[in-house]
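See below for the structure under consideration.
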Amino acid sequence: MAETKLETAGRPAEKLIHIADLHFWSLVWNPIKLLNKRFLGNLNVWLKRRREFQMHLAEDFADAAAATGITTVVLTGDFTSTATDAEFRLARAFVEGLSKRGLQVHLVPGNHDVYTFESERTRRFEKHLKAFIPDQGYPSRVTLPNGTPLLLIPTVSANYLSAKGRIRKKEIEEALRLIEGCPPGPVLVAAHYPVLHKTHGYDSSPDRQLRNADLLREALGSCGREILYMAGHVHRFSYTADPHFSNVEYLTTPAFFMRRHGHVERGAFSEIHIDEEGFHVYRHGYAEEWIREKTQRQ
Ligand SMILES: [Fe+2]
Ligand SMILES: [Fe+2]
């Protein structure tokens, strides 16, 4: 963030929680439902995800998020693993649980939520999470309780085999139009895919990157607003400034309940404060208990 003070017009600090990559999973046994890319995804669930994504912790973790006292949560997609109805039912119950705990929920889809062309065509994500999707779809702008605008932008599409993201030029133009209409002050942007392909925290292989990321980066970097761009997808923590555009910071939050082989940490989420000094990011990590630490931008 630039050293200049942000224009927040004396408002109280905005506070929100960022949760990424829940990856609720269920195994599919019906062979008809495995006649597509889901065969690979199901194999991955069997070999890996059922150990890595410990979804039995979901309710306790939702309690931990609510215990911060913060009442806004942004979820940046990958609610499911292979976009089945069973997985979306688990995801919806979790999101509704956040809402029942008093959290205002904002969300965007991840690539695993449109894992097959069939799930995208039948709009399964929209069907299950309708109550939390803006009426006008994506991109959309909402205003958080203390006045900070939040843009929700679309970055996913079904693929045959890759995990590439996509944002269309007209969607970038629409996002810019929404930013231009924001009141003075900082702007939050939430999406599933990061814009930067490589930071201190991750290095995305080409088949996992966002198509048109450079166009989006240029647009955000040239819009003249202080921006914090929040994303998931890489399952790693990263908080960095754009080396070319000093008005943009990028945060990626690890998968919410992921246990990585050889690591004691079993889950994470981010807490974000916005005041006239800029954006402040706190990382919450769960090992035997939740630890909260202020992070420095790198
Ligand atoms: Fe993911
Ligand atoms: Fe993803």
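FYI, side chains are in, hydrogens and waters are out, and symmetry mates aren't considered; it's all heavy atoms of this structure. Whatever order the structure lists ligands and atoms in, that order sets their numbers, starting from 1.
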Between Tyr282 and Phe269, ring centroids under 6.0 Å = no

Return yes if some donor-acceptor pair links the side-chain N/O of Asp78 with the main-chain N/O of Asn111 below 3.5 Å, else return no.
-> yes

What are the protein N/O/S atoms, named by residue and atom, that sit under 2.8 Å from the Fe ion (ligand 2)?
-> Asp78 OD2, Asn111 OD1, His192 NE2, His233 ND1

Between Phe257 and Phe24, is the gap from one ring center to the other below 6.0 Å?
-> yes

Apex the Fe ion (ligand 1) - arms NE2 from His23 and NE2 from His235 - angle rounded to 10° = 90°

Ion pair present between Glu118 and Arg121, side-chain N to carboxylate O less than 4.0 angstrom?
-> no

Kindly say whether the aromatic ring centers of Phe256 and Phe61 come within a distance under 6.0 Å.
-> yes

Inter- and intrachain pairs under salt bridge (charged side-chain N to carboxylate O under 4.0 Å, His left out), touching residues 234-244, at least two apart = Arg217-Asp242

